[in-house]
Amino acid sequence: MKFTASLAVLSTAFVSAVLAQTGSFEDFSQCASYPTQMALSYFKLSPFPMCINKTYTLTATGYASEPIVNGATLAVTGRYLGRLVYTDKKTFEELLAPSGQSIPIPAGPVTLDLSLLLKPNRPPNVLFHFQFVATNGDGALLFCQAAGLSATNCP
Ligand SMILES: *[C@@H]1O[C@H](CO)[C@@H](O)[C@H](O)[C@H]1NC(C)=O
């Protein structure tokens with residue numbers, strides 16, 4: 001009896017640990033295979049989970065070794081069972097506009113709030129493997145962050 005009860009407690013704790021994802025730095029893995037121009041100290045996705053057909057924001061804080069210049073882009077890919085099912089690409093000008101930031105951004109400590117629409121062509125509550133790849137205007141990789149993410153239909 002006692003054993004069953006503690007098992008139940010244990011499994012409840014496990015489930016809430018799995019569900020208590022916050023979209024923060026720890027939930028993402030770094031996917032660059034070589035040094036990037038931006039060393040990230042913080043990365044966050046909000047809202048979490050994302051809402052289908054609504055804007056989401058990626059907050060990237062770190063240190064840029066070079067200025068972030070015109071032509072910088074963010075490429076988003078989503079894979080389901082290895083198959084590419086979601087793609088998006090936007091310029092930093094578009095992505096930074098909602099937060100009032102603009103290009104160029106000088107080298108040094110920086111926080112970027114990148115806002116973009118989660119396209120409606122995806123099913124709710126299905127885990128996709130997402131990659132967010134930011135490339136500077138000079139062609140160098142700024143950062144690459146990956147995570148398994150689902151999205152919901154929000155009111
Ligand atoms: C997405 O949102 C827009 C405006 O908020 C709405 O007009 C459109 O019908 C929505 N598309 C889908 C597929 O839900």
Side-chain angles (χ1 to χ4, degrees), residues 11-33 36-64 66-106 109-155:
S11 60
T12 308
F14 176 74
V15 166
S16 41
V18 167
L19 294 179
Q21 296 178 329
T22 57
S24 286
F25 202 34
E26 316 74 69
D27 300 318
F28 287 85
S29 60
Q30 199 271 115
C31 44
S33 51
T36 58
Q37 275 187 358
M38 207 173 147
L40 293 181
S41 55
Y42 182 75
F43 191 80
K44 183 175 183 273
L45 166 69
S46 61
F48 187 85
M50 299 183 281
C51 297
I52 293 167
N53 200 22
K54 297 251 197 297
T55 298
Y56 65 97
T57 300
L58 297 167
T59 303
T61 299
Y63 189 92
E66 299 290 331
I68 299 170
V69 296
N70 191 31
T73 58
L74 179 76
V76 183
T77 55
R79 286 176 188 276
Y80 180 71
L81 303 177
R83 204 159 57 88
L84 189 63
V85 288
Y86 187 92
T87 59
D88 198 6
K89 191 173 184 178
K90 292 277 182 296
T91 67
F92 267 43
E93 269 130 329
E94 296 169 87
L95 298 166
L96 290 169
S99 71
Q101 286 177 297
S102 60
I103 294 269
I105 294 169
V110 63
T111 291
L112 306 168
D113 284 311
L114 306 164
S115 296
L116 64 171
L117 181 80
L118 187 69
K119 294 183 200 176
N121 66 341
R122 57 158 301 163
N125 308 317
V126 176
L127 203 66
F128 285 15
H129 182 74
F130 268 88
Q131 270 199 358
F132 301 97
V133 184
T135 308
N136 204 347
D138 65 4
L141 190 62
L142 282 165
F143 63 77
C144 179
Q145 291 283 291
L149 301 170
S150 61
T152 56
N153 284 310
C154 303

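Atoms within each ligand, like the ligands themselves, are counted from 1 in listed order. Bear in mind that the values here come from a model prediction, so they are computed numbers and not experimental data.
For Asp138, there are no salt bridge (Lys or Arg N to Asp or Glu O under 4.0 Å) partners two or more places apart in sequence or in a different chain. The ring pair (Phe, Tyr, Trp, His ring centres under 6.0 Å) search around Phe92 returns none, not counting sequence neighbours.
For ligand 1, the protein residues placed under 4.0 Å by at least one non-hydrogen atom are Asn53, Pro120.
Among residue pairs with one or both ends in residues 134-155, those qualifying as ring-ring contact (aromatic ring centres under 6.0 Å, His included) are Phe43-Phe143; sequence neighbours excluded.
Counting heavy atoms from C-beta on, the side chains of Leu58 and Leu74 come closer than 4.5 Å. At a threshold of 4.5 Å between non-hydrogen side-chain atoms, the residues Leu117 and Asn53 count as touching.
Distance check, rounded to the nearest 0.5 Å: CD of Gln145 to CD of Gln131 gives 10.0 Å.
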